[in-house]
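Letters go in sequence order (proteins before strands), and every chain restarts at 1.
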Protein chains: 2
Amino acid sequence: MSDLLERLRGRGWRMTAQRRVVAEVLDGEHVHLTADEVHARAVDKLPEISRATVYNTLGELVTLGEVLEVATDKRAKRYDPNAHQPHHHLVCARCGAIRDVHPTGNPLADLPDSERFGFTVSDVEVTYRGTCPNCATA
Amino acid sequence: MSDLLERLRGRGWRMTAQRRVVAEVLDGEHVHLTADEVHARAVDKLPEISRATVYNTLGELVTLGEVLEVATDKRAKRYDPNAHQPHHHLVCARCGAIRDVHPTGNPLADLPDSERFGFTVSDVEVTYRGTCPNCATA
DNA sequence: TCCTACAATGGACAATGTCTAAGTCAAGCA
DNA sequence: TGCTTGACTTAGACATTGTCCATTGTAGGA
Ligand SMILES: [Mn+2]
Ligand SMILES: [Mn+2]
Ligand SMILES: [Zn+2]
Ligand SMILES: [Zn+2]
């Protein structure tokens with residue numbers, strides 16, 4: 001994600017080896033890692049990087065809107081670099097595999113006023129659950 | 001929820017003061033407490049109840065399908081006694097208030113085969129986010 | 001090259017959740 | 001009613017996830 005690094009430089013970020021490595025780890029499709037998974041992969045590339053730095057960097061990326069936090073499992077937060085294309089998630093209940101999906105329709109329109117309790121509703125997250133092909137054959 | 005207690009007795013549960021108190025705490029509408037919130041309220045009614053028992057009891061209720069785990073916030077799991085009426089959630093991004101909602105339509109039908117990656121999809125959770133009336137005026 | 005404000009580090013601490021060994025008691029039975 | 005027993009509860013250790021801070025290091029401009 002060199003374009004991510006470009007944007008961050010433009011926002012006044014100091015470009016450190018640690019931040020480059022975190023950005024590198026987050027690169028790719030269908031990436032939804034926990035903070036400690038990011039840390040483990042970052043350590044492979046830069047052994048002395050600390051947990052605190054990984055947590056700090058992820059938090060900053062979330063604040064800047066460059067990475068999303070998703071709560072697809074009920075344990076640790078997961079970090080999603082696919083922040084600029086709205087999407088939802090499909091999760092394997094067995095192994096935890098996560099895919100980005102793009103359902104048709106607009107779920108926001110499916111919530112009638114009578115079900116809004118006076119809230120201003122601005123966003124919706126949809127999580128599909130099922131069994132992935134791998135786990136189905138096992 | 002005396003019907004809940006009835007069902008549990010039918011399933012061979014020993015009826016202890018601790019389990020009665022946990023069931024009592026979970027009674028009501030729009031209830032979505034964390035384990036430690038359940039524990040705090042249980043202690044008001046039965047001061048010597050332990051955290052371990054609350055965690056155990058909640059886990060058993062989830063296994064039996066009498067209570068659902070929901071991941072509406074990205075911290076602790078929340079426990080939802082409204083397990084027998086399918087519903088979704090509306091969450092205040094500011095204060096965390098949670099309401100049960102019943103959107104129209106069927107989001108499962110909105111996920112085309114081409115977006116299923118070979119998964120068998122069995123369930124869908126929808127979380128609406130916004131601002132509650134209380135937080136809007138503040 | 002030097003300065004300095006920003007960033008990284010290690011470790012303490014907090015919050016949430018899991019596990020176990022030992023003691024307790026609900027419920028069936030004599 | 002009073003045993004007996006295995007299910008249940010308890011306290012606290014431990015694990016995982018996340019936050020904070022004092023100290024040390026360094027990116028990038030002067
Ligand atoms: Mn995603
Ligand atoms: Mn609910
Ligand atoms: Zn799977
Ligand atoms: Zn609110």
To the nearest angstrom, the NE2-C1' distance between H39(A) and dA8(C) comes to 11 Å

When rounded to whole Å, the CZ to C1' distance for the pair R20(A) and dA8(C) reads 14 Å

For nucleotides 24-29 of chain C, read 5' to 3', which letter fits each nucleotide if B means a protein heavy atom sits under 4.0 Å from the base, S means only the sugar-phosphate is that close, and - means neither? -BBS--

Quiz question: going by heavy-atom distance under 3.5 Å, is there a donor-acceptor pair between the base of dG17(C) and the side chain of R51(B)? yes

To the nearest Å, how far apart are K74(B) NZ and dT16(C) C1'? 17 Å

Please classify the nucleic acid contact of R19(A) as base, sugar-phosphate, or nothing, using heavy-atom distances under 4.0 Å. sugar-phosphate

Rounding to 0.5 Å, atoms SG (C92(A)) and CZ (F119(B)) come to a distance of 5.5 Å

Which nucleotide span of DNA chain D, 5' end to 3' end, has atoms closer than 4.0 Å to non-hydrogen atoms of chain A? dT16(D) to dG28(D)

Quick one about N82(B) and H30(B) (side-chain donor to acceptor, distance below 3.5 Å, no hydrogens or angles considered), yes or no? no

With R20(B), which residues qualify under salt bridge (Lys or Arg N to Asp or Glu O under 4.0 Å), at least two apart? none

Using a 4.0 Å heavy-atom cut-off, does A52(A) contact any base of the nucleic acid, only the sugar-phosphate backbone, or nothing at all? base

Less than 4.0 angstrom from a charged side-chain N to a carboxylate O is my criterion; do E24(B) and R41(B) meet it? no

Measure the spacing between CG of L90(A) and OH of Y128(A) and express it to the nearest 0.5 Å. 9.0 Å

Is there a donor-acceptor contact under 3.5 Å linking the side chains of D100(B) and H88(B)? no

Please give, in whole Å, the distance from dA15(C) P to K77(B) NZ? 19 Å

Does R78(A) pair with E69(A) as a salt bridge, N-O distance under 4.0 Å? no

From the list dT9(C), dA7(C), dG17(C), which nucleotide is the closest neighbour of the side chain of A35(B)? dG17(C)

Qualifying residue, where the test is side chain to side chain donor-acceptor pair (under 3.5 Å) with H32(A) and the options are H89(A), K77(A), R99(A): H89(A)

Spacing between E48(B) atom CD and dG23(C) atom P, to the nearest angstrom: 19 Å

Using atom types as modelled, flag every donor-acceptor pair under 3.5 Å from a side chain in residues 101-114 of chain B to any protein atom, sequence neighbours excluded.
{"from": "H102(B)", "atom 1": "ND1", "to": "E115(A)", "atom 2": "OE1", "distance (Å)": "3.3"}
{"from": "T104(B)", "atom 1": "OG1", "to": "D110(A)", "atom 2": "O", "distance (Å)": "3.3"}
{"from": "N106(B)", "atom 1": "OD1", "to": "L108(B)", "atom 2": "N", "distance (Å)": "3.1"}

Any residue meeting ring pair (Phe, Tyr, Trp, His ring centres under 6.0 Å) with Y55(B), in chain and number order, not counting sequence neighbours: none

Should the pair E66(A)-R11(A) be classified as a salt bridge under the 4.0 Å nitrogen-to-oxygen rule? yes

Per the under-4.0 Å heavy-atom filter, residues of residues 53-65 of chain A near DNA chain C come out as T53(A)

Rounded to the Å, how far apart are E69(B) CD and dG17(C) C1'? 11 Å

